[in-house]
Amino acid sequence: MTAPRSLSLATWDHDRVMQVQGGRVSVPKAAVDSHILPTGTLLPLTAQDARFDVAGLSRSSHIFHLAWGTDAYAAFPAFVSRAFRHNDFSRRAGGGTQSPTVFAGRTIAVLEHHMTAAL
């Protein structure tokens, strides 16, 4: 019998991956080397260093790496975070904006272009 392949898996503690991260769900023919890291740590290690075999990577970061020709990962759709991210918008006091409809057809700002939530 052959030894199981070691497979490094890095994610944040999303409820949809914790069964694998905690070992309750196994990966056939693989010994999972589990890493649970905060997003601010995980994304640079994944996007810049390609340190893990399987990892959570922001979709926007993956798109950038594809465009730059530096993609180390093949993407597959696994939506591990089901949070609704757009829970509010801020408006400048005294700016006159009374309704989100005034933004139709206009340019708005986002914190950073690597933020998949804004994608």
Side-chain angles (χ1 to χ4, degrees):
M1 182 172 167
T2 61
R5 178 179 189 260
S6 178
L7 183 70
S8 60
L9 169 66
T11 65
W12 182 226
D13 67 348
H14 301 295
D15 61 338
R16 287 162 176 80
V17 295
M18 290 313 293
Q19 299 298 325
V20 175
Q21 287 285 28
R24 292 188 64 198
V25 173
S26 63
V27 177
K29 301 180 182 179
V32 177
D33 178 19
S34 178
H35 302 270
I36 301 170
L37 302 168
T39 305
T41 302
L42 174 63
L43 292 180
L45 292 176
T46 304
Q48 296 166 9
D49 297 344
R51 188 173 292 185
F52 308 104
D53 297 314
V54 178
L57 177 64
S58 80
R59 183 66 181 137
S60 55
S61 290
H62 188 252
I63 289 169
F64 278 107
H65 283 279
L66 280 172
W68 296 330
T70 59
D71 56 311
Y73 292 94
F76 63 92
F79 303 98
V80 298
S81 175
R82 301 282 177 149
F84 183 71
R85 298 174 187 273
H86 307 293
N87 59 350
D88 63 47
F89 289 91
S90 300
R91 68 178 179 93
R92 184 172 44 88
T97 303
Q98 298 301 317
S99 168
T101 59
V102 301
F103 297 114
R106 297 181 68 187
T107 301
I108 60 170
V110 295
L111 294 175
E112 58 180 64
H113 58 271
H114 278 275
M115 185 175 61
T116 300
L119 183 65

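If you look at His35 and Phe52, their ring centroids are closer than 6.0 Å.
Remark: Arg51 CZ to Leu45 CG distance equals 4.5 Å, nearest 0.5 Å. Expressed to the nearest 0.5 Å, how far CG of Asp71 lies from CG of Leu57 amounts to 10.0 Å. Note that CG of Leu43 and CD of Gln48 are 9.5 Å apart. Values are rounded to the nearest 0.5 Å.
Cluster membership check: Phe64 does not share its hydrophobic cluster with Leu66, using side-chain heavy-atom separations under 4.5 Å among Ile, Leu, Val, Met, Phe, Trp and Tyr.
Considering only heavy atoms from C-beta on, Val20 comes within 4.5 Å of Leu9 through its side chain. Inter-residue side-chain proximity for Gln21 and Asp13 is flagged as unmet; no heavy-atom pair is nearer than 4.5 Å.
Looking only at distances, no side-chain donor or acceptor of Ser26 sits under 3.5 Å from a matching main-chain atom of Pro28. In this structure, Thr46 contributes its side chain and Leu42 its backbone to a donor-acceptor pair below 3.5 Å.
Minimum heavy-atom separation, Thr11 to Gly56: CG2-N, 4.3 Å. Contact record, Pro44 with Thr39: CD-O, 4.1 Å, taken as the closest heavy-atom pair.
With hydrogens and angles left out, the side-chain atoms of Ser8 and Asp53 include a donor and acceptor closer than 3.5 Å.
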